[in-house]
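Presented below is the structure to which this report refers.
We use all heavy atoms of the structure for the numbers below, so side chains are in, but hydrogens, waters and symmetry mates are not. So that the names make sense, note that chain A is the first sequence line, chain B the second, and so on, each numbered from 1. All values derive from a computational prediction rather than experimental measurement.
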Protein chains: 2
Amino acid sequence: MPQPHDALFRALADPTRRAIFERLCRDGDQTVAALTAHAKVSQPAVSKHLGVLKQAGLVRDRPEGRQTHYSAQPKALAPLIDWTSQMATFWQNRFDDLEDLLKRMDQ
Amino acid sequence: MPQPHDALFRALADPTRRAIFERLCRDGDQTVAALTAHAKVSQPAVSKHLGVLKQAGLVRDRPEGRQTHYSAQPKALAPLIDWTSQMATFWQNRFDDLEDLLKRMDQ
DNA sequence: CAGATTGATAACAGTGTGGTTATGAATTAG
DNA sequence: CTAATTCATAACCACACTGTTATCAATCTG
């Protein structure tokens with residue numbers, strides 16, 4: 001059972017892919033050609049990365065004539081934020097438990 | 001030039017590794033044997049995952065006799081939080097720019 | 001000391017991932 | 001219509017990654 005997080009974490013694991021996503025967040029709509037111009041890899045590589053990002057919901061594509069515009073979908077980062085804060089919460093709760101324990105021992 | 005983020009994102013990309021980290025966040029200090037008992041992989045695999053997590057700063061090890069205790073280091077998640085909020089900020093700024101543009105057009 | 005336990009490491013196998021070049025379909029320009 | 005452009009896909013390659021089993025050093029136990 002693959003977690004819903006899984007595709008997201010996987011997609012963000014690659015630096016080239018993160019760079020593409022960052023650029024889309026920073027500068028908005030971009031064609032594949034524009035993204036390729038700034039990437040250090042070939043156009044097919046960029047297309048494949050965009051495919052992975054799209055699969056993870058991180059980008060949307062908007063075909064327009066012979067070019068395809070891609071845009072960031074930062075809402076897709078929500079599960080990552082949730083997961084992170086959950087980890088922090090677990091951590092915090094353990095301190096709370098420790099506190100409770102110490103209080104109980106104090107009696 | 002490997003970003004400081006890189007090891008972090010990479011470490012979190014694997015589900016087995018995330019599960020180990022989650023358990024350490026939830027239940028605190030664990031020996032390798034305890035972690036292996038709940039993982040679906042062999043002890044050497046767990047040890048290797050712990051090595052990767054340690055490299056990324058996500059866990060600390062505390063040798064004690066013949067066993068090694070591992071604990072989560074949630075502070076290591078900070079760069080991930082920063083990165084995420086930066087993406088959101090970029091996104092927000094682009095809306096601000098758009099707003100500015102619309103205001104300017106309104107005059 | 002002898003034997004059992006714990007965990008790290010080595011060696012290896014299978015798979016996945018990220019890159020390349022080649023190519024083709026669709027669209028635009030001349 | 002012809003030529004050029006844009007992007008996706010196919011085919012392939014190299015390597016990294018995750019898992020395995022075997023083994024060993026270190027430590028505890030009897």
Side-chain angles (χ1 to χ4, degrees), chain A residues 1-3 5-24 27-73, chain B residues 1-3 5-24 27-73:
Chain A
M1 50 195 109
Q3 308 294 326
H5 309 310
D6 217 76
L8 187 54
F9 278 105
R10 280 291 237 353
L12 296 176
D14 182 77
T16 304
R17 212 143 51 211
R18 273 202 310 280
I20 293 176
F21 180 70
E22 288 171 16
R23 170 160 271 270
L24 287 174
D27 305 334
D29 236 45
Q30 304 268 329
T31 66
V32 176
L35 291 169
T36 301
H38 294 277
K40 297 189 188 70
V41 295
S42 64
Q43 173 267 311
V46 171
S47 276
K48 272 204 282 187
H49 282 307
L50 287 168
V52 174
L53 289 170
K54 182 179 170 186
Q55 202 68 22
L58 285 163
V59 303
R60 265 166 40 86
D61 61 338
R62 178 169 56 79
E64 187 172 300
R66 65 179 157 180
Q67 42 196 9
T68 309
H69 292 254
Y70 281 86
S71 56
Q73 208 70 3
Chain B
M1 53 200 105
Q3 308 294 326
H5 309 311
D6 216 76
L8 188 55
F9 279 104
R10 283 282 204 60
L12 296 176
D14 182 78
T16 304
R17 213 144 48 211
R18 274 201 312 280
I20 292 176
F21 179 69
E22 288 169 17
R23 169 161 273 270
L24 286 174
D27 306 334
D29 236 45
Q30 304 268 328
T31 68
V32 176
L35 291 168
T36 302
H38 295 276
K40 296 190 188 70
V41 295
S42 65
Q43 173 267 312
V46 171
S47 276
K48 273 203 280 188
H49 282 306
L50 287 169
V52 175
L53 290 170
K54 182 181 170 185
Q55 202 69 20
L58 285 163
V59 303
R60 265 166 40 85
D61 59 341
R62 179 169 56 79
E64 188 171 299
R66 66 180 157 180
Q67 42 197 7
T68 309
H69 291 254
Y70 282 86
S71 57
Q73 208 70 4

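Of the listed nucleotides (C:dT6, D:dG19, C:dG16), C:dT6 has the atom at the smallest distance from the side chain of B:Arg66. Considering only side-chain atoms of A:Gln43, the nucleotide from C:dG7, D:dT20, D:dA8 that sits closest is D:dA8.
Dashed line: the shortest gap from a side-chain N or O of A:Tyr70 to OP1 or OP2 of D:dT6 is not under 4.0 Å. Contact between the side-chain N/O atoms of B:Arg10 and the OP1/OP2 oxygens of D:dA16 is not found at any separation under 4.0 Å. OP1 or OP2 of D:dG19 sits under 4.0 Å from a side-chain N or O of B:His49. Listed pair B:Thr68 / C:dT6 fails the phosphate criterion, with no side-chain N or O lying under 4.0 Å from OP1 or OP2. One finds no side-chain N or O of B:Ser47 lying less than 4.0 angstrom from the OP1 or OP2 phosphate oxygen of C:dG7. Dashed line: the shortest gap from a side-chain N or O of A:Thr16 to OP1 or OP2 of C:dG19 is under 4.0 Å.
Checked by atom type and distance alone, the side chain of B:Arg18 pairs as donor or acceptor with a backbone atom of B:Leu12 at under 3.5 Å.
When all heavy atoms are compared, the tightest approach of B:Ser47 to B:Val32 is OG-CG1, 4.1 Å.
Heavy-atom nearest nucleotides on DNA chain C were determined for A:Ser42 and for B:Gln67, and the one closer to the 5' end corresponds to B:Gln67. Taking the nucleotide of DNA chain D with the nearest heavy atom to each of A:Lys48 and B:Val41, the more 5' of the two is matched to A:Lys48.
One can place CZ of B:Arg62 at 16 Å from P of C:dT6, the figure rounded to the nearest angstrom. The distance from atom CG of B:Leu53 to atom C1' of C:dG7 is 16 Å, rounded to the nearest whole Å. Per the geometry, CG belonging to B:Asp61 stands 8 Å off P belonging to C:dA8, to the nearest Å. Rounding to whole angstrom units, CD1 of residue A:Ile20 and C1' of C:dG18 are separated by 12 Å. The separation between A:Phe9 atom CZ and D:dC17 atom C1' is 18 Å, rounded to whole Å. In this structure, B:Arg17 places its CZ atom 12 Å from C1' of D:dA16, rounding to the nearest Å. Note: CG (A:Asp14) to P (D:dA16) measures 14 Å, nearest angstrom. In this entry the distance linking NE2 of A:His69 with P of D:dT6 reads 11 Å, nearest Å.
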- side-chain contact (heavy atoms from CB on, under 4.5 Å) between A:Thr16 and A:Val41, worked out: CA-CA 8 Å; A:Thr16 304; A:Val41 295; 4.2 Å; yes
- Message: If you apply the rule side-chain contact (heavy atoms from CB on, under 4.5 Å), what do you find for A:Leu35 with A:Leu24, and how did you get there?
- Response: CA-CA 9 Å; A:Leu35 291 169; A:Leu24 287 174; 4.1 Å; yes
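Using a 4.5 Å cut-off on side-chain heavy atoms (C-beta onward), B:Glu64 and B:Thr31 make no contact.
Here A:Pro63 lies out of heavy-atom contact (under 4.0 Å) with every strand. Residue-level contact check: A:Ala33 touches the backbone only, with heavy atoms under 4.0 Å from sugar-phosphate atoms and none from bases. Heavy atoms of B:Thr31 sit under 4.0 angstrom from primed sugar atoms or phosphate atoms, though from no base atom.
Screening residues 32-42 of chain B for side-chain hydrogen bond (donor to acceptor under 3.5 Å, both in side chains) gives B:Arg23-B:His38 as the qualifying pairs, with residues at least two apart or on separate chains.
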